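Everything on this sheet refers to the single structure shown next.
Heavy-atom basis, side chains included; hydrogens, waters and symmetry copies ignored. Chain letters run A, B, ... following the sequence lines, proteins first and then strands; every chain starts at 1. Bear in mind the structure is a predicted one, so any value in this text is a computation, not a measurement.
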Amino acid sequence: MNHQKPKIARSFWWALILGFSSVGFLLPSWGKAEISGSVFLNTFQAIQSDADTKTLQNSFGLWVDSEYESDGPWALNLSALGQYFDPSLVDEEGEFNGALREGYLDWRTSKWAVSAGRRIFTWGKGDGFNPGDVVSSFDYTFLATDEETRRLAPTGLQFEYLPHRRDVRCRKWKKLIKRNAAGKIIRRLRRCVKGHVTERREPWSLKVLLIPRFEPSRVDFRSSMLPNGVTIGSSSSNEDSLKNGEVAVEWDYRGEGWDTSWLLFYGREHLPYFVEKSRQIFSPTDVRLRLEPEHQQLLSVGGDYSHAFESVVLTAEGVFKQTSNSDGKRMDRRPSSFEAIAGLEWGFAEWHRIKLQAAYTTFLGYQSLSRFAATDPIQQGIARLNSQLHGYTEASQSNAILGWFFDNEETGWRANASVNYGLNGPEGYGEAMVGYQWQDWIETRMGVQAFSGPDQSRSELYSALNNIYLEIKGWF
Amino acid sequence: MTSFTWCCSLVLALLIFGPRAQASLSATEVARQSEEATRVKGYQAEAKLTTTTAADKGKIKEFKMWRQLQADLINYNTMTRFHKPSSIKDEGVLILEREGDASDVLLYLPRFKKIRRVENSNQSGSFMGSAFSYADIAPSHYTDLNLKLLANESCPVGEGECYVLRGEGKTPQVKRRSGYDYTKTWINTKTLLTMRIEGYSKEGKRIRRVDFGKYASTDGKGGANVAQEMSAIRDKDGLKTQFQILDLKVDERIKGSLFTRENLENP
């Protein structure tokens with residue numbers, strides 16, 4: 001498949017080093033320049049006995065971040081990621097991917113902030129399931145020990161309004177006495193000494209994000225994972241055009257001990273749907289099918305909330321998503337849905353935290369795939385693939401998510417385990433990790449990632465990637 | 001009256017009223033004046049945490065911190081941004097102290113690009129793996145404590161005489177947040193600067209000891225003082241941390257926008 005991941009030659013490393021260094025020289029008047037990053041080496045081994053290969057992925061990567069801060073309100077942030085995979089999840093051969101992960105110019109005053117360029121936007125308070133995280137897209141063409149490294153940044157413009165002070169309080173007063181011509185005091189006044197004013201900011205802020213062209217999530221399959229004769233072409237839906245633009249508006253409000261934010265998003269679903277572009281039937285057993293990814297329009301409205309109580313933190317997030325399949329009649333598209341997650345998190349014994357969450361999704365006007373049985377078997381197969389990929393295999397889904405996190409900064413040991421269990425049926429996802437930080441700059445971790453579910457469920461699709469991994473990571 | 005008689009009267013008056021005037025300060029007044037002696041409207045500083053255990057020679061964390069006195073002239077907003085070691089670069093902690101000693105503590109985790117709240121009871125937990133707790137970084141104020149003057153004795157740190165105050169949270173919430181049932185505080189009788197704080201459990205077992213050293217006047221003229229060095233020892237495991245302020249810049253016009261969520265998530 002011609003996936004859209006940019007392939008850059010070995011010179012990427014040189015361009016990266018020279019580029020980041022030269023920016024520092026080009027901006028000599030800037031107050032601060034910092035370069036940092038990480039290097040990692042990992043291996044993912046299949047744990048399915050019927051997996052077609054034992055080694056799913058070996059990879060080596062370099063992540064470089066640099067920040068250039070001016071003495072004024074300007075800052076330039078650059079982050080580049082280069083990774084070499086052998087074998088690659090998509091090509092079964094070595095593959096190098098290098099990209100400018102983030103690169104944006106930031107202008108910030110006490111009242112306004114504007115950033116322009118490639119930047120990652122995260123949203124939502126849920127862990128493991130973020131229904132409101134619709135602005136981000138992800139790269140699923142590689143395995144990662146940390147889901148966040150898969151985020152892809154769209155290129156856009158963000159305006160942030162941090163409203164003016166609600167009232168002003170003075171910390172130092174100056175006494176002023178007004179006297180008449182005879183020197184008699186006629187009035188006593190007081191005035192705030194300049195510079196001794198405490199701002200009280202409005203407890204809300206507003207962000208508007210404009211993305212001229214949406215960033216699609218990357219999903220790819222090895223040819224060995226596809227039926228004979230099936231090929232996947234590149235997407236044609238993310239061309240430069242107004243209809244591929246996105247807009248998001250976020251309003252935040254902060255109370256004492258709690259905060260909430262509300263998001264309105266109009267754009268595209270970043271995870272693709274596969275659609276049939278051409279079909280050639282030479283015989284009942286020789287069918288050539290070409291699929292292409294497409295992205296449907298999405299309107300999403302939702303809110304999130306977090307509240308710190310005496311001994312627990314409550315988090316909640318809920319979103320209504322209206323898709324172009326709002327009546328649910330199309331089987332190859334996700335119907336409109338309402339999705340929510342709420343949970344409690346608490347810390348104990350200093351280094352431990354537990355988070356228990358309940359998630360619920362319901363699809364409006366949902367029609368079972370079995371009603372599609374009489375139609376074209378190829379279309380039915382494509383609809384099934386899309387429903388597995390997008391998780392609309394049932395009219396509603398309830399999940400319980402339990403996570404345990406341990407991070408002992410004194411000894412360097414850390415571990416976590418989480419289970420996401422579908423309450424509708426025996427379907428779920430689990431992961432566990434144990435790591436040790438040898439020094440401030442180096443860490444080893446190993447873990448397991450596994451999906452389990454019945455045939456034709458979403459988990460079943462991903463279970464081919466169930467793995468045990470080992471990673472060495474260093475920071476500089 | 002002769003000048004000799006005047007002198008004698010003055011000495012007598014000082015002998016009688018001077019010490020009494022000092023001794024007559026209530027515990028609350030001592031604590032209030034002590035807070036006043038260290039009250040700085042705003043500052044920024046480079047800081048360093050060096051944590052040592054029996055097995056480890058020292059883990060160093062460097063960060064920048066900003067502090068701003070709130071309009072009530074009691075509570076502070078504190079922002080810290082870590083830059084060393086690289087594994088925690090850009091992690092931030094925003095502490096917004098509130099009336100009634102219920103601070104909002106927000107952690108920014110750059111790896112997830114997310115902010116996480118710390119519940120009140122967990123604010124007695126370790127601050128970035130050090131022997132200090134979040135509550136030690138933003139300690140309870142005299143307004144949140146029932147205070148009692150226990151004794152006057154030699155200061156355990158530095159020279160001179162110290163008031164020894166016992167402070168107990170006015171509410172169970174204050175106690176839970178600090179992790180202490182009560183504290184003992186040594187305050188220099190002359191300078192009114194805090195020299196040591198010890199936190200105790202309900203059973204009277206010491207939990208943590210924090211020593212303050214190297215106070216420096218922020219204006220160089222004896223104005224408000226900031227402790228340039230603090231060291232904490234956690235009794236249960238002997239964990240020691242030294243907190244050093246390396247480069248202090250008083251900034252009375254420090255911007256309120258530094259102490260916001262927006263700034264926390266924009267390192």
Side-chain angles (χ1 to χ4, degrees), chain A residues 34 36-38 65 67 75 106 108-111 113 115 120-122 124-125 146 148 151 160 162 165 169-172 195-201 205 252 254 256-259 306-313 315 345-348 350-351 353 408-411 437 439-441 443 475-476, chain B residues 41-42 51 53 55-56 59-61 68-73 83-90 96 98-99 102-106 110-122 124-126 128-130 172-173 176-177 237 239 252-253 255-263 265-267:
Chain A
E34 276 183 9
S36 59
S38 59
D65 293 312
E67 293 170 41
D106 207 23
R108 192 164 285 274
T109 67
S110 62
K111 200 174 166 188
S115 75
I120 288 169
F121 300 96
T122 59
K125 300 278 196 303
D146 181 353
E148 297 302 309
R151 280 188 192 272
E160 197 172 346
L162 311 157
R165 59 200 65 163
R169 291 199 183 181
C170 183
R171 293 172 302 192
K172 191 171 180 181
H196 289 266
V197 169
T198 297
E199 289 174 44
R200 280 207 159 188
R201 305 195 68 80
S205 65
D252 283 304
R254 299 165 294 279
E256 291 195 340
W258 62 274
D259 62 89
S306 83
H307 194 138
F309 291 97
E310 193 50 39
S311 51
V312 293
V313 176
T315 55
E345 181 182 350
W346 66 98
F348 62 99
E350 188 131 21
W351 308 111
R353 294 192 77 75
N408 188 330
E409 288 198 57
E410 286 169 24
T411 61
Q437 195 164 350
Q439 296 288 330
D440 280 340
W441 58 275
E443 183 185 76
W475 292 269
F476 60 87
Chain B
K41 283 159 194 163
T51 302
T53 59
D56 201 328
K59 281 185 177 170
I60 295 174
K61 287 179 178 166
Q68 183 194 40
L69 185 64
Q70 294 179 15
D72 60 7
L73 301 181
H83 49 81
K84 270 186 190 167
S86 299
S87 53
I88 58 161
K89 189 175 174 292
D90 290 339
L96 305 170
R98 289 196 278 120
E99 229 170 277
S103 302
D104 277 355
V105 178
L106 304 168
R111 209 183 73 179
F112 304 104
K113 287 190 181 275
K114 273 189 178 180
I115 289 174
R116 190 169 71 73
R117 282 187 176 276
V118 178
E119 61 272 29
N120 289 347
S121 59
N122 221 31
S124 59
S126 169
M128 300 301 285
S130 73
Q173 286 84 352
R176 272 199 292 271
R177 193 184 87 82
D237 52 10
L239 187 75
E252 294 192 345
R253 299 181 188 192
K255 283 180 184 169
S257 58
L258 279 168
F259 308 94
T260 57
R261 279 181 68 102
E262 290 75 25
N263 185 47
E265 60 193 355
N266 276 289

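- Contacts with chain B were tallied for A/Glu350, A/Lys125, A/Glu443; A/Glu350 has the most, counting heavy-atom pairs under 4.5 Å.
- When all heavy atoms are compared, the tightest approach of A/Asp146 to B/Phe112 is OD1-CE2, 4.4 Å.
- For the atom pair CD (A/Glu160) and CG (B/Asn266), the distance works out to 6.0 Å, reported to the nearest 0.5 Å.
- When heavy atoms are compared at a cutoff of 4.5 Å, A/Glu256 approaches chain B by way of both its backbone and its side chain.
- If you measure heavy-atom distances from B/Thr260 to chain A, the contacts under 4.5 Å come from the side chain alone.
- Chain A forms more heavy-atom pairs under 4.5 Å with one residue of B/Leu96, B/Leu106, B/Leu239 than with any other, namely B/Leu239.
- For B/Lys61, the part lying under 4.5 angstrom from a heavy atom of chain A is the side chain only.
- Between atom CH2 of residue A/Trp475 and atom OG of residue B/Ser86 there is a gap of 9.5 Å, rounded to the nearest 0.5 Å.
- For B/Arg117 (side chain) and A/His307 (main-chain N/O), no donor-acceptor pair under 3.5 Å exists by modelled atom type.
- Neither the backbone nor the side chain of B/Val105 comes within contact range of chain A; no heavy atom of the residue lies under 4.5 Å from a heavy atom of that chain.
- For A/Arg108, the part lying near chain B is the side chain, with the backbone staying farther off; criterion is any non-hydrogen pair under 4.5 Å.
- In this structure, CD in A/Glu409 is found 8.5 Å from OG in B/Ser130, a value given to the nearest 0.5 Å.
- For A/Thr122, the part lying near chain B is the side chain, with the backbone staying farther off; criterion is any non-hydrogen pair under 4.5 Å.
- Listed by chain and number, the residues in a side chain to side chain donor-acceptor pair (under 3.5 Å) with B/Arg176 are A/Glu310 (sequence neighbours excluded).
- Rounded to the nearest 0.5 Å, atoms CH2 (A/Trp346) and CG (B/Asn122) are 12.5 Å apart.
- At least one donor-acceptor pair under 3.5 Å links the side chain of B/Glu119 to the backbone N or O of A/Gly347.
- Residues B/Arg261 and A/Asp252 are not paired through a salt bridge, judged by the lack of any N-O separation under 4.0 Å between the basic side chain and the carboxylate.
- Only the side chain of A/Ser36 comes within contact range of chain B, with at least one heavy atom under 4.5 Å from a heavy atom of that chain.
- Partners of B/Lys89 under the salt bridge (charged side-chain N to carboxylate O under 4.0 Å, His left out) rule, at least two apart in sequence or in another chain, are A/Glu34, A/Glu67.
- Interatomic distance, CD of A/Glu410 versus OG of B/Ser126, reported as 6.0 Å (0.5 Å rounding).
- Residues B/Pro85 and A/Asp440 share a closest heavy-atom pair of CB-CB, 3.6 Å.
- Top candidate by heavy-atom pairs under 4.5 Å with chain A, chosen from B/Lys114, B/Arg116, B/Met128, is B/Arg116.
- When all heavy atoms of A/Ser311 and B/Ser121 are compared, the closest pair comes out as CA-OG, 3.2 Å.
- Rounding to the nearest 0.5 angstrom, the gap separating the CG atom in A/Asp259 from the CG atom in B/Asp104 is 8.5 Å.
- The candidate from A/Phe476, A/Phe121, A/Trp441 with the greatest count of non-hydrogen atom pairs under 4.5 Å with chain B is A/Phe476.
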